[in-house]
Amino acid sequence: MIGFESRRRHAATGIATGTAADGVGTNRGIDAGSIRRGRPLFAQTSSEYQFVLARDVMDTDSSDTNSSDSDNGRPRTRRRVLPRGRQQQHQQQQQQSASGQPLQRLSEALRSAPTTGLLAQLLRQQSLQGSSGSGGGASARELRRRGHQRSNTADSAGSHESSASDDASSQGECIQDPYRDPDSDDDDIRRPAGPAQPARTRSDDPDETTATLDARTFAKILFMMAAFRIYNAILVRTYFDPDEFWQSLEVAHEAVFGYGYLTWEWSYGIRGFAHPLLFSGVYWVLKVLGLDDTYLLILAPRAVQGVFAGLADTFTFMLALKMFGSRTARWTIAAMLMCWFNWYCLVRTYSNSLEACLTAIALYYWPWPRSRRDARPLRRDFRISLALAACACIIRPTNAIIWAFLGVSLLLRKGARRLPVILDVLSAMVIAIPASMVIDYQMYGKLTFVPWDFVRFNVVQNISLFYGGHPFHWYFSQGLAVVLLTFLPLSLWGAYKVQTRAKRHYFWMSIWTVAVLSVQAHKEFRFLMPIVPPMLMYAGHSLQCIERFDKQAGRVRWKGWLWRIVAVLLVTNAGAGLYLSRVHQSGVLRVMDWLRHEVRSGHVEDILFLMPCHSTPYYSHLHRDIPMRFVTCEPPIGVPDRKAYRDETDVLYDHPERFLRMYFDTQVGNKTLVWSTNATDPTPIKAEHHRQLWPKSHLLHSGSRHGRSNRPYLDVPGQPYQIQMYTWASHVLVFDNHRLTPLLSDVFQGSNYRECARFFNSHFHDDSKRNGDIVVYCRQTA
């Protein structure tokens, strides 16, 4: 009742001064001429204010106006003397009404206003005209019933954009409102689609409006976002990072079809099978339906990830709707769709992509601090958020960084019930950890606690540094600038324009996450994916503020600052997204499509990828159990001197001729190579203390017709491993650059190997080993 009372005082003050309650302008004042002419009262105000004021005046039971004030000539309101029976009936109505006293206070405020007499007179006349002859009490009940109908009709439409309260919420975040409580949150809070809920309620904050997004509207938004992201996933036809295929699809293909390649991470148990299990289900359905030999094998996993990306878009929109209102929510969803990094990475089958999607949904359900008076969260939403957060941590253990910040801030929040929070967190952990261990036990065949192994290898032993390191400031100086591009200044400015600490909470969460990730030397752009949605939400708020400023300045829409900024955002993000998703590194996928067709035509016996490790997809794309081999890049696990360690890819590109001479068969098709002898060339040996590198496929299955061959293993000078002898396959793939192409041209000269295909890959590359087109050499048969 405190909320109703303070809100009605706020409404009465606005009407008494001739301005709207939301502070928009004087155009919402009461027109005395309209009242005398019999026009509908409060035609320019919301239906809720109609109902509130009507109830107040009817409960006070004002009488008709028979005289005028001698001072100002305006009508004066007199209270009618009721019979004793009517007085008792009126007192009973006031006692039954939960808002009787607040309404009476509003009526007293109305009387003190200059136009109150007119308002009371006309409201009473309208109520008497609407009655059916049952007296003043019946008129009051009828008007209350009509007010409820108008309020429910206005709320069930689900249209929040043009409401006066939303305008006040949007404006209050951009400019300082002198009537606004600095400790309150002036916002719209939308609830997710679900069971029927009250159409519109009010919190204790007089400036806070709570509205619902009905299930039909929610379903429409989700359908549109999912359809867009599925289309986005189909259009992305480039290669970004090996983990997109080698840590998800390749593992799922191995589990369902019995052949594939598992990288070294799966031998040491630092990867969990929860993420590949999602795509194993997709492959299993295709296998049961007999569609695994179609192109759906490639498109279906991307489409599933596209659905998750659509969920992330939708719930980011809902989060902005809840925190800032509908105007910011619209610009937030526009930012999510325009952002080049979302277009380029969110639909890829990374574990980071699924982690980002689950995090975006969980952030919506998280009990964010709305105001000092509303410190207790809704426990049901909190448990949903915990369940989603647990799934995200199972997918990527580093996701716990986000929830550590939010969890501690929740416990430190004033008025929070700490014991239920701790019990819910412990319950989620008790369920999530054993479930993850059961999944990994079924796949590994032994008890494995993946988060511990993940931390032990990547943090304690710092094995990830072998794949590249960056300085501490890299995420702040380069990572965020590349990922957000032209949205970065808008995100920072949007966070600055937020006037309450509660609404800046997710911004500090993002900064905290980036700072903790910066401690680890190995850094990648995709590690920032979970914080992209909340950062874009602040960019959407910044765009809403700019839109408000343009309107206040009276600028024409197409000549204001807003659309100039939007044009810059479109040009920069669309240009980067389209080029990187359609052109840059597109050859590695097109060559696999070509090989897929050649294998089904019976022209391919085996394939050799003479290029840096994991440069292309593998069995998950080819879907044929034929012998294939590539140059590996195993990390220095258990090696004391890591600085002197060189993996197989380094050994190849350090001395290409020496590598071919030492580890390749001399028979090249119909030609026998004659190399000059060298005293340092190793001889075939079997040393048990040396690690033997070979394709570690079929880890999940006991046997395969492509297991270890009888070819010998050879020492690598100065390295603690051995390499199995290579043979020349029917198809050899290589990047056309100065590192290997001239040497291979000499090797294949005079043999029956010919260049049979060439595919453009990229105009530039940060790794010189991967520069140039992709050339395919084929062994010709007579």
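Each of Leu480, Asn342, Thr359 was compared with Val532 under the side chain to side chain contact (heavy atoms under 4.5 Å, CB included) criterion, and only Asn342 meets it.
Scanning all heavy atoms of the two residues, the minimum distance from Trp343 to Ser581 falls at NE1-OG, 3.1 Å. Across every non-hydrogen atom of Tyr365 and Leu388, the tightest pair is CD1-CD1, 4.3 Å. Scanning all heavy atoms of the two residues, the minimum distance from Leu346 to Ala356 falls at CD1-CB, 4.2 Å. Residues Gly540 and Thr328 come closest through the heavy atom pair C-CG2, 3.9 Å. In plain terms, the two heavy atoms of Leu488 and Ala481 that are nearest each other are CD2-CA, 3.8 Å. Taking all atoms of both residues into account, the shortest heavy-atom contact from Pro534 to Leu363 is CG-CD1, 4.2 Å.
The backbone N or O of Met535 sits nowhere less than 3.5 Å from a side-chain atom of Ser510 that would complete a donor-acceptor pair. The main-chain N or O of Val482 is found under 3.5 Å from a side-chain atom of Trp340 such that the two form a donor-acceptor pair. For the pair Lys497 (side chain) and Cys545 (backbone), a donor-acceptor distance under 3.5 Å is absent. Looking at Asp550, its side chain does come within 3.5 Å of a backbone N or O of Trp561 through a donor-acceptor pair. A distance-only check finds a donor-acceptor pair linking the side chain of Thr314 to the backbone of Gly310 [under 3.5 Å]. A donor-acceptor pair under 3.5 Å is formed between the side chain of Ser353 and the backbone N or O of Cys345.
In summary, the aromatic rings of Phe341 and Phe525 are positioned with their centroids too far apart to meet the 6.0 Å limit. Two rings, from His584 and Tyr344, have their centers 6.0 Å or more apart. In this structure, Trp366 has its ring center closer than 6.0 angstrom to the ring center of Phe382.
Under a cut-off of 6.0 angstrom, the local environment of CZ in Phe476 is crowded, with over 12 non-hydrogen atoms contributed by other residues, nucleotides or ligands.
Here the side chains of Leu490 and Ile565 are in contact, with some heavy-atom distance below 4.5 Å. Looking only at side-chain heavy atoms (C-beta outward), Met323 and Met537 come within less than 4.5 Å of each other. Within the 4.5 Å cutoff, the side chain of Thr332 has no heavy atoms near those of the Leu543 side chain. The closest side-chain heavy-atom distance from Glu547 to Lys551 is below 4.5 Å. Between Thr513 and Phe405, every side-chain heavy-atom pair lies at or beyond the 4.5 Å cut-off. At least one side-chain heavy atom of Gln305 sits under 4.5 Å from a side-chain heavy atom of Cys357. Using a 4.5 Å cut-off on side-chain heavy atoms (C-beta onward), Leu319 and Tyr506 make contact. When side chains are defined from C-beta on, Met336 counts as touching Pro533, because their heavy atoms get closer than 4.5 Å.
Taking CD of Gln544 as the start and CZ of Phe324 as the end, the distance is 9.5 Å to the nearest 0.5 Å. Rounding to the nearest 0.5 angstrom, the gap separating the CE atom in Met225 from the NZ atom in Lys220 is 13.5 Å. For the atom pair OG (Ser542) and CG (Leu536), the distance works out to 12.0 Å, reported to the nearest 0.5 Å. Once rounded to the nearest 0.5 Å, the distance linking CZ of Phe507 with OH of Tyr496 reads 12.5 Å. Note: Trp512 CH2 to Leu406 CG = 11.0 Å, rounded to the nearest 0.5 Å. Annotation: the span from Ile402 atom CD1 to Met509 atom CE amounts to 5.5 Å, rounded to 0.5 Å.
Inspection of the His473 and Ser518 side chains reveals no N or O donor paired with an N or O acceptor under 3.5 Å. Donor-acceptor pairing under 3.5 Å is recorded for the side chains of Thr238 and Arg348.
For the pair Arg216 and Phe218, the cation-pi criterion (under 6.0 Å, within 45° of the ring axis) is not fulfilled.
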Check step by step if side chain to side chain contact (heavy atoms under 4.5 Å, CB included) holds for Asn573 and Thr486.
-> CA-CA 8 Å; Asn573 286 272; Thr486 48; 3.1 Å; yes
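The side-chain hydrogen bond (donor to acceptor under 3.5 Å, both in side chains) contacts involving residues 225-235 comprise Arg229-Asn232, Arg229-Asp313, where partners must be two or more places apart or lie in separate chains.
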